[in-house]
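Note that ligands are numbered from 1 as they come in the structure, with each ligand's atoms numbered from 1 the same way.
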Amino acid sequence: MPLKSVWTPATIAAAAPVSDHVRLIEIAPYGGPHRYGPGAHIDVAVMIAERPETRSYTLVGPARPGAPYRIAVKMLEDSRGGSRYMHALKEGANVMVSQPKNDFELDFSAPRYLLVAGGIGITPIYSMALALAEKGADFRLLYAGHSLSDMPFAAELREKLGSRVELFVSDQGRRIDIAGEIEKLDSSTQLYLCGPVPMLDAARAAWHRLGKPAGNLRYETFGASGHFAPQAFKVKIPRLDLELDVPANQSVLEVLEKAGVDVISDCRRGECGTCIVDIVSATGTVDHRDMFFSDAEHAENKKMCICVSRVVDGDLVLDTSYRAD
Ligand SMILES: Cc1cc2nc3c(=O)[nH]c(=O)nc-3n(C[C@H](O)[C@H](O)[C@H](O)COP(=O)(O)OP(=O)(O)OC[C@H]3O[C@@H](n4cnc5c(N)ncnc54)[C@H](O)[C@@H]3O)c2cc1C
């Protein structure tokens with residue numbers, strides 16, 4: 001069960017670019033920061049299309065007593081707008097932030113570690129690598145990105161960690177062979193991974209195929225980034241005689257809400273399963289972006305979490321639990 005947010009007013013203490021699309025933001029909460037460990041994040045209250053929402057951002061450590069929280073936010077142009085809001089915040093602006101929460105804790109007791117980061121997924125992995133280095137732990141860090149100029153902290157990590165860090169820059173033709181890397185691990189090594197869904201899928205498949213202990217694969221994804229770039233599509237609900245357009249930057253849930261359809265939802269990031277609806281039929285490919293259903297349930301394509309999941313190259317026919325009477 002996710003920890004409930006306790007909100008505190010805070011001020012933007014500093015903000016500056018740290019790569020082509022990533023901005024490092026320092027946030028000073030009133031009353032001082034809480035303690036936190038590697039992998040922790042805070043929630044930030046944002047306004048999207050004049051509506052209050054929240055977005056989560058990993059704390060980029062190491063935590064220093066009394067120092068502001070540090071987060072690194074990647075600008076996502078095709079998104080609903082949380083990252084744009086964060087990039088527009090000026091020094092001195094007021095924001096509301098939650099206490100630090102940690103769903104991706106680092107277990108310091110393993111004999112060896114493999115850390116894998118894809119893109120902005122470096123944020124928790126960065127803190128983990130520095131913490132493990134400080135403890136003299138045995139680890140390697142594999143960091144993948146599209147271009148070196150958009151890989152925050154790459155130079156700093158190289159400088160601090162030397163050959164323990166390997167960079168995989170796809171525009172230089174280098175990609176991580178996740179399955180090959182997992183094959184080399186002994187069964188007591190813990191793998192910590194944060195990156196896009198296809199990277200996680202590849203790791204989970206190899207981990208399972210090689211019969212590694214399930215508890216030694218630990219990961220976090222940043223929510224709704226699916227297997228495909230979002231596209232516009234149509235959604236039909238025959239029982240309500242509705243046909244609606246879902247733009248690339250809105251979810252099915254948002255479009256149904258705007259049309260006055262009574263759907264229930266909670267987390268709005270594909271974790272709680274509150275907004276599930278039945279899929280009557282789908283053309284194209286359903287891009288299941290939730291963390292709620294199993295792989296087998298995704299493959300059945302009978303239900304979807306409409307806060308995050310969508311369709312590509314096709315349209316959807318859905319049935320909601322809504323009854324007009
Ligand atoms: C625990 C945690 C830690 C995080 N840490 C970081 C961090 O350190 N740095 C960071 O930059 N981000 C982090 N995130 C992600 C962050 O919370 C936001 O999701 C991110 O800033 C994008 O917000 P947005 O509103 O701009 O995009 P969103 O609209 O939330 O989009 C997120 C993704 O969904 C896709 N998308 C866009 N529109 C839709 C739609 N209508 N339906 C479905 N999908 C859509 C986008 O292509 C994008 O890939 C973290 C998330 C979590 C849960």
Colleague: What ring-ring contact (aromatic ring centres under 6.0 Å, His included) pairs are there with at least one residue in residues 289-316, not counting sequence neighbours?
Modeller: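 Every ring-ring contact (aromatic ring centres under 6.0 Å, His included) pair that includes a residue of residues 289-316, provided the two are not neighbours, is H288-H298.
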Colleague: With salt bridge (Lys or Arg N to Asp or Glu O under 4.0 Å) as the test, would you mind laying out the steps for D186 and R112 before giving the verdict?
Modeller: CA-CA 9 Å; D186 67 24; R112 270 167 303 283; 2.7 Å; yes
Colleague: Scan for ring-ring contact (aromatic ring centres under 6.0 Å, His included) pairs involving residues 152-180, sequence neighbours excluded, and state none if there are none.
Modeller: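 Qualifying pairs: Y126-F153.
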Colleague: Is there a polar contact, in the sense of an N or O pair closer than 3.5 Å, between S56 and ligand 1?
Modeller: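 It does: an N or O of S56 is found under 3.5 Å from an N or O of ligand 1.
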Colleague: Is the NE2 atom of H208 crowded by more than 12 outside heavy atoms at less than 6.0 Å?
Modeller: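 Counting other residues, nucleotides and ligands, NE2 of H208 stays at 12 neighbours or fewer.
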Colleague: With heavy atoms of R310 as the reference, note each atom of ligand 1 found under 4.0 Å away.
Modeller: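 Answer for ligand 1: 40 (C), 41 (N), 42 (N), 43 (C).
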Colleague: So is there a nitrogen or oxygen of Y57 less than 3.5 Å from a nitrogen or oxygen in ligand 1?
Modeller: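 N/O-N/O distance under 3.5 Å: yes.
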Colleague: Quick one: do K303 and E297 make a salt bridge, cutoff under 4.0 Å?
Modeller: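 Salt bridge: no.
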Colleague: Does D287 form a salt bridge (Lys or Arg N to Asp or Glu O under 4.0 Å) with R310? I'd like the steps, not just the answer.
Modeller: CA-CA 5 Å; D287 188 8; R310 5 191 352 105; over 6 Å; no
Colleague: T221 to ligand 1: N or O pair under 3.5 Å?
Modeller: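 No, there is no polar N/O contact under 3.5 Å.
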Colleague: Test salt bridge (Lys or Arg N to Asp or Glu O under 4.0 Å) on R268 and E257; report intermediate values, then the result.
Modeller: CA-CA 13 Å; R268 304 179 83 96; E257 283 173 340; 3.0 Å; yes
Colleague: For ligand 1, which atoms, with element, lie under 4.0 Å from some heavy atom of I120?
Modeller: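 Answer, ordered by atom number: 9 (N), 10 (C), 11 (O).
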Colleague: Just going by heavy-atom distances, which of R268, Q250, R23 is nearest to atom 41 (N) of ligand 1?
Modeller: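 Nearest option to atom 41 (N) of ligand 1, by heavy atoms: Q250.
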Colleague: Which is closest to atom 38 (N) of ligand 1 by heavy-atom distance: A248, S251, P124?
Modeller: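 Comparing heavy atoms across A248, S251, P124, the nearest one to atom 38 (N) of ligand 1 lies in A248.
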Colleague: Taking only heavy atoms of T123 into account, list the atoms of ligand 1 that are under 4.0 Å away from them.
Modeller: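 Checking each atom against T123, I get 7 (C), 8 (O).
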Colleague: Purely on distance, is any nitrogen or oxygen of G82 under 3.5 Å from one on ligand 1?
Modeller: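 Yes - when backbone and side-chain N and O of G82 are compared with those of ligand 1, one distance drops under 3.5 Å.
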Colleague: Based purely on interatomic distance, does R84 place a nitrogen or oxygen under 3.5 Å from a nitrogen or oxygen of ligand 1?
Modeller: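 N/O-N/O distance below 3.5 Å does not exist for this pair.
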Colleague: Is the closest side-chain heavy-atom distance between V169 and Y143 below 4.5 Å?
Modeller: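 No; the side chains remain at least 4.5 Å from each other.
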Colleague: If you round to the nearest 0.5 Å, how far is CG of L142 from CG of L114?
Modeller: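 Separation between the atoms: 5.0 Å.
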Colleague: Can you list the atoms of ligand 1 that are under 4.0 Å from a heavy atom of R289?
Modeller: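 It comes down to these atoms of ligand 1: 34 (O), 35 (C), 36 (N), 43 (C), 44 (N), 45 (C).
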Colleague: Considering F228, F222, Y85 one by one, which has a heavy atom nearer to atom 13 (C) of ligand 1 than any of the others?
Modeller: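 When every heavy atom of F228, F222, Y85 is considered, F222 comes closest to atom 13 (C) of ligand 1.
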Colleague: How does H41 reach ligand 1, if at all, at less than 4.0 Å between non-hydrogen atoms: by side chain, backbone, both, or neither?
Modeller: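 Within the 4.0 Å criterion, H41 contacts ligand 1 through side-chain atoms alone.
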Colleague: Quick one: are K234 and L244 in side-chain contact, heavy atoms under 4.5 Å?
Modeller: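 Heavy-atom side-chain distance check fails, nothing below 4.5 Å.
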Colleague: Taking only non-hydrogen atoms of I71, do any sit less than 4.0 angstrom from ligand 1?
Modeller: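 Flag not set, I71 not near ligand 1.
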Colleague: Mark yes when over 12 heavy atoms from residues, nucleotides or ligands other than R158 sit less than 6.0 Å from its CZ; otherwise mark no.
Modeller: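 Counting neighbours around CZ of R158, 12 or fewer heavy atoms of other residues, nucleotides or ligands fall under 6.0 Å, so no.
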Colleague: Residue-level breakdown please: for A72 versus ligand 1, do any non-hydrogen atoms fall below 4.0 Å on the side chain, on the backbone, on both, or on neither?
Modeller: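 For A72, the contact with ligand 1 is made by the backbone alone.
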Colleague: Number the atoms of ligand 1 from 1 as they appear, then name those within less than 4.0 Å of a heavy atom of S83, with their elements.
Modeller: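 Result: 21 (O), 23 (O), 24 (P), 25 (O), 26 (O).
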Colleague: Could you tell me which atoms of ligand 1, counted from 1 in the order shown, lie closer than 4.0 angstrom to a heavy atom of V73?
Modeller: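 Within the 4.0 Å cut-off of V73, ligand 1 contributes 11 (O).
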Colleague: Which value, rounded to the nearest 0.5 Å, describes the distance between L76 atom CG and F222 atom CZ?
Modeller: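 Here the interatomic distance stands at 11.0 Å.
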Colleague: Could you list which atoms of ligand 1 come closer than 4.0 Å to a heavy atom of E220?
Modeller: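 In order of numbering, the contacting atoms are 1 (C).
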Colleague: Should you measure from each heavy atom of P230, which atoms of ligand 1 turn up under 4.0 Å away?
Modeller: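 Close to P230: 47 (O).
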